[in-house]
Structures are given as structure tokens and as C-alpha cells.
Engineer: 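What follows is a structure written as C-alpha cells; I'll ask about it next.
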Amino acid sequence: MKISLKNPWNKIGNTRLIKITDKIYAKLETENPTGSIKDRPVQFIVMNALRDGELNSKSILVEASSGNTGISLSAIGANLGLPVKIIMPSNMSAERKQMMRLFGAEIIDAPPSDFKGAIQMRNELVESNSAYWSTMQFENSLNIKCHRETTAKEIIQQALPYGQLEAFFSGAGTGGTIMGARQAFQENNMGTKSMLVVPAEPSECHGIQGIGDGGDYLVHRDEMDGVFPVKTDHAIKRAKQFAKSTGLMVGISSGANLVAAEKYVQENNPEGIVVIVLCDRGERYLSLF
């Protein structure tokens, strides 16, 4: 039986670009339905699968996730009336697991911080049953295409009134955001620098959930114009400061993006502006704050 998305899941994106300082602007991805940027690629990939007839009323949605993609897929599964199974390392935040379960998803634990193990478990599930379908977020070129055609396109248009877009800062869970943005900047001959924000600590012990998840996946580091390591405690401190100074509660990776961009502006005093991504809302990290 044919299935289709219902409001609000048939319209994602068009989030605001907000001013942080005279030199720093932020894409407020907390305005998406589940409160994170991951709503974009999940909706984009699912819509593509619906058009191609890959999904039907018997399908079971499966993905490996540190959290936000799992939340988005759980929500879209609820919208479509399809069951969802999310494989995630057992030490991810309790709040994100609670959100997935509220949408009706089943969570399958992988060992702590073992993202490659979670991906392997996902692959084994998909191979075991033809009803299982996955967004394959860590390998899927549609992830990059989504951000090139939506997120980056919006940023380019919204940044025009503020002058030259000198640099774009983003962490990478899958790498879809920064790779899609880089492609869009190159296609438009903008000269915008792509700055990759990474955890300063090793992947098995950092606490910036959602970036640095055990590999670069879709990211080509040799194509980045800069790599900015940020310590977990600095990212958490900045996210908490941001909540108290703006009334906007954002996640830890957003705090990391703020730290990196502010350091860049302080050290380089750019003539143009820089744009960062505020990736998700902070309520899913309260136990870590």
C-alpha cells in the first residue's frame, strides 16, 4: 500500500539565520520539527525512497545513530505509521533515547562509543530481512545533496545582506552538512572557507555527542580549509553561556561551533562574516549539562 508524509514532515528547513555578533551569524536548525538539522537529510532521503517505491506499509525503518538522526527517523516513522529500530551506543544521552521511545521507536544498544559497531549491527539487520530499510546516513550521497540544495542554498541567500561569507563552521557526524555546503560554495564561486569543527579528545572519550562519531565518513578532510579542535568542557560551557545570554538552549556541538568561530574571528579579524550551525536544541543534553 502506498504511504505518504503528512504535515509537518512534508516541509522542512527555511530556518532563520540569526546574528550572534557583527561577524558571526548562525543557522538556527532548532526550528525544524524535532529540533535538529537531521530532520533535513532524513526527510530528503525518505521522500526520495517514497518516490522510488522503496518504502511501503510493510517497511521497517532502521538506522545507526548517536541520537539526532534516530530522533528524526523515529518521528518520520510515526508520521508514516511504520516501525523504527535505532541502533546506538549505550552511553548516548538518556534524553535522546526518551525522545525516540516517545515516538514509538525500539532502541538497540551497541557497546559504549562504538559507532562502527552500531553501523555493522545496522547492516546485519538490513541484510537479514527485506522489509528493513535504512537511510544509510553515513554512506549516502543524498545526505550531501540535501545540504547542498537546501541548507547551503538558504545560507547563501540569507547571508547576502551582510557582505562576503568568509567562512562556514560545522562539526560532522556523518559529514553531510559541511560537504554539501562546500560543494554549494564552490558551485557559486564564493571563495568561502569550509572549517571543520572536531572534538579535541579521542572519539572513545569525548563528550560532544553528534560529531566525531568514530570516523570521518562522508567528510574529505583534505578538502577542508581548516580543522578546529574543541574540548568537550569548553563546548558545554559555551552552550550553557549561550542559553543564559540569549534564551536559546542549544546542544553541545552548537557550543563547539561557537567556540571555534569566536576563536577564528578573534585571531583573524575577517572583513566578511562567518556562519555557524546551531545544530539542535539543548533539552536532549540536560543530564550532561
Engineer: Can N91 and S113 be counted as having a side-chain donor-acceptor contact under 3.5 angstrom?
Structural biologist: yes
Engineer: Between CD of Q43 and SG of C146, what distance do you get to the nearest 0.5 Å?
Structural biologist: 7.5 Å
Engineer: I'd like to know whether L288 forms a side-chain contact (heavy atoms from CB on, under 4.5 Å) with I252, so could you lay out the CA-CA distance, the side-chain angles of the two residues, the decisive distance to 0.1 Å, and finally the verdict.
Structural biologist: CA-CA 9 Å; L288 302 177; I252 302 170; 4.0 Å; yes
Engineer: State, to 0.1 Å, how close S66 and D213 come at their nearest heavy-atom pair, and which atoms those are.
Structural biologist: OG-OD2, 3.2 Å
Engineer: What is the minimum heavy-atom distance between S72 and S36, and which atoms define it?
Structural biologist: OG-OG, 4.1 Å
Engineer: Checking K193 against F185 for the side-chain contact (heavy atoms from CB on, under 4.5 Å) test, could you report, in this order, the C-alpha distance in whole Å, the side-chain angles of both residues, the deciding distance, and whether it holds?
Structural biologist: CA-CA 9 Å; K193 298 175 182 176; F185 300 147; over 6 Å; no
Engineer: Taking all non-hydrogen atoms of both residues, which atom of H234 and which atom of V259 are closest, and how far apart?
Structural biologist: O-CG2, 3.8 Å
Engineer: Are the side chains of M224 and S194 in contact, using a 4.5 Å heavy-atom criterion?
Structural biologist: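 Of all side-chain heavy-atom pairs linking M224 with S194, at least one is under 4.5 Å.
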Engineer: Determine yes or no for a side-chain-to-main-chain donor-acceptor pair under 3.5 angstrom, with S254 supplying the side chain and C279 the backbone.
Structural biologist: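 Side chain of S254 to backbone of C279, a donor-acceptor pair under 3.5 Å: yes, one is there.
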Engineer: Given side chain to side chain donor-acceptor pair (under 3.5 Å), test D280 with Y285 step by step and report yes or no.
Structural biologist: CA-CA 10 Å; D280 63 2; Y285 306 101; 2.4 Å; yes
Engineer: Please find the pair of heavy atoms, one from V197 and one from A260, that lie closest to each other, and give the distance.
Structural biologist: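 Distance-wise, the nearest heavy atoms are CG2-CB, 3.7 Å.
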Engineer: Verify the cluster assignment for V277 and F242: are they in a single hydrophobic cluster under the rule of side-chain heavy atoms below 4.5 Å apart?
Structural biologist: no
Engineer: Does N129, at its CG atom, have more than 12 non-hydrogen atoms belonging to other residues, nucleotides or ligands within less than 6.0 Å?
Structural biologist: yes
Engineer: Salt-bridged, E187 to R148, with N to O below 4.0 Å?
Structural biologist: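 Between R148 and E187 there is a salt bridge, with a charged N closer than 4.0 Å to a carboxylate O.
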Engineer: Under the salt bridge (Lys or Arg N to Asp or Glu O under 4.0 Å) test, which residues partner D216, sequence neighbours left out?
Structural biologist: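 Partners of D216 by the salt bridge (Lys or Arg N to Asp or Glu O under 4.0 Å) criterion, ordered by chain and then number, come out as R221.
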Engineer: Give the C-alpha distance, both sets of side-chain angles, the deciding distance and a yes or no for side-chain contact (heavy atoms from CB on, under 4.5 Å) between I211 and V198.
Structural biologist: CA-CA 7 Å; I211 68 172; V198 300; 5.8 Å; no
Engineer: Side chains of E124 and Q120: any donor to acceptor distance under 3.5 Å?
Structural biologist: yes
Engineer: Going from OG on S65 to CZ on R122, what distance comes out if it is rounded to the nearest 0.5 angstrom?
Structural biologist: 10.5 Å
Engineer: Quick one: do I276 and V265 end up in the same hydrophobic cluster if we chain Ile, Leu, Val, Met, Phe, Trp and Tyr together by side-chain heavy atoms under 4.5 Å apart?
Structural biologist: yes
Engineer: Using the side-chain contact (heavy atoms from CB on, under 4.5 Å) rule, pick out the option among Q137, H147, K145 that qualifies with P41.
Structural biologist: H147
Engineer: Regarding E63 and K85, does a basic nitrogen lie under 4.0 Å from an acidic carboxylate oxygen?
Structural biologist: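 No salt bridge links E63 with K85.
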Engineer: How long is the gap from CD1 on I155 to OG on S170, to the nearest 0.5 Å?
Structural biologist: 8.5 Å
Engineer: In terms of side-chain geometry, is the basic nitrogen of R101 or E106 positioned less than 4.0 Å from the acidic oxygen of its partner?
Structural biologist: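 Not counted as a salt bridge, because no side-chain N and carboxylate O are separated by less than 4.0 Å.
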Engineer: Under 3.5 Å, is there a donor-acceptor pair between the side chain of H206 and the main chain of G212?
Structural biologist: yes
Engineer: Determine whether N140 and F44 satisfy the following criterion, side-chain contact (heavy atoms from CB on, under 4.5 Å), listing intermediate values before the conclusion.
Structural biologist: CA-CA 11 Å; N140 197 335; F44 193 90; over 6 Å; no
Engineer: Around atom NZ of K244, are there more than 12 heavy atoms of other residues, nucleotides or ligands at under 6.0 Å?
Structural biologist: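 No.
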Engineer: Identify the two heavy atoms, one from N32 and one from I37, that lie closest to each other, and give their separation to 0.1 Å.
Structural biologist: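 It is ND2-CA, 4.0 Å.
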Engineer: Report yes if the side chains of I3 and N56 come closer than 4.5 Å at any heavy-atom pair, otherwise no.
Structural biologist: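 With C-beta onward as the side chain, the pair stays apart.
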Engineer: Would you tell me whether K27 and T15 have side-chain atoms, one donor and one acceptor, within less than 3.5 Å of each other?
Structural biologist: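 On atom types as modelled, these side chains qualify, holding a pair under 3.5 Å.
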Engineer: Mind checking whether D39 and N68 have side chains closer than 4.5 Å, heavy atoms only?
Structural biologist: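 No; the side chains remain at least 4.5 Å from each other.
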Engineer: Measuring from atom CG of N143 to atom CZ of F138, what distance do you get when rounded to the nearest 0.5 angstrom?
Structural biologist: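 Spacing of CG (N143) from CZ (F138) equals 9.5 Å.
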Engineer: Under 3.5 Å, is there a donor on one side chain and an acceptor on the other for R16 and Q158?
Structural biologist: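 No, because no side-chain N or O of R16 sits under 3.5 Å from a partner of the opposite role on Q158.
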Engineer: Is the shortest side-chain heavy-atom distance between L248 and T30 below 4.5 Å?
Structural biologist: no
Engineer: Going by heavy atoms in the side chains, are Q209 and S93 under 4.5 Å from each other?
Structural biologist: yes
Engineer: With rounding to the nearest 0.5 angstrom, report the CG to CD distance, L258 to Q241.
Structural biologist: 9.5 Å
Engineer: In terms of side-chain heavy atoms, does R238 have a donor or acceptor partner in N257 at a distance below 3.5 Å?
Structural biologist: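 No, because no side-chain N or O of R238 sits under 3.5 Å from a partner of the opposite role on N257.
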Engineer: What's the separation between atom OG in S90 and atom CD1 in I107, rounded to the nearest 0.5 Å?
Structural biologist: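 S90 OG to I107 CD1: 11.5 Å, rounded to 0.5 Å.
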Engineer: When hydrophobic residues are tied together by side-chain contacts of less than 4.5 Å, even through go-betweens, does F228 share a cluster with L278?
Structural biologist: yes
Engineer: Going by side-chain contact (heavy atoms from CB on, under 4.5 Å), F168 matches just one of V275, V274, L196. Which one?
Structural biologist: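 Result for side-chain contact (heavy atoms from CB on, under 4.5 Å) with F168: V275.
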Engineer: What I'd like to find out is whether the side chain of M121 reaches to under 4.5 Å of the side chain of L125, using heavy atoms alone.
Structural biologist: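 No; the side chains remain at least 4.5 Å from each other.
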Engineer: Identify the two heavy atoms, one from Y162 and one from L17, that lie closest to each other, and give their separation to 0.1 Å.
Structural biologist: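 Taking Y162 first and L17 second, the nearest heavy atoms are CE1-CD2, 4.3 Å.
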Engineer: Please report the C-alpha distance between E166 and K23 in whole Å, then the side-chain angles of each, then the deciding distance to 0.1 Å, and finally whether the salt bridge (charged side-chain N to carboxylate O under 4.0 Å, His left out) criterion is met.
Structural biologist: CA-CA 10 Å; E166 179 162 321; K23 295 291 184 179; over 6 Å; no
Engineer: For E201 and K231, run salt bridge (charged side-chain N to carboxylate O under 4.0 Å, His left out): C-alpha distance rounded to whole Å, both residues' side-chain angles, the deciding distance at 0.1 Å, then the answer.
Structural biologist: CA-CA 7 Å; E201 303 92 347; K231 293 181 179 180; over 6 Å; no
Engineer: Is R182 salt-bridged to D225, cutoff N-O under 4.0 Å?
Structural biologist: yes
Engineer: Backbone N or O of D222 within a donor-acceptor pair of the H220 side chain at under 3.5 Å?
Structural biologist: no
Engineer: Using side-chain heavy atoms (C-beta onward) and a distance below 4.5 Å, is K153 in contact with Q157?
Structural biologist: yes
Engineer: Find out if a path of hydrophobic residues (ILVMFWY) with successive side-chain heavy-atom gaps under 4.5 Å connects I156 to I178.
Structural biologist: yes
Engineer: Within a strict 4.5 Å, meaning less than it, do heavy atoms of the Y264 and P270 side chains meet?
Structural biologist: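 With C-beta onward as the side chain, the pair touches.
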Engineer: With a 4.5 Å cut-off on side-chain heavy-atom distances among I, L, V, M, F, W and Y, is there a chain of contacts connecting I86 to I108?
Structural biologist: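 Shared cluster, no.
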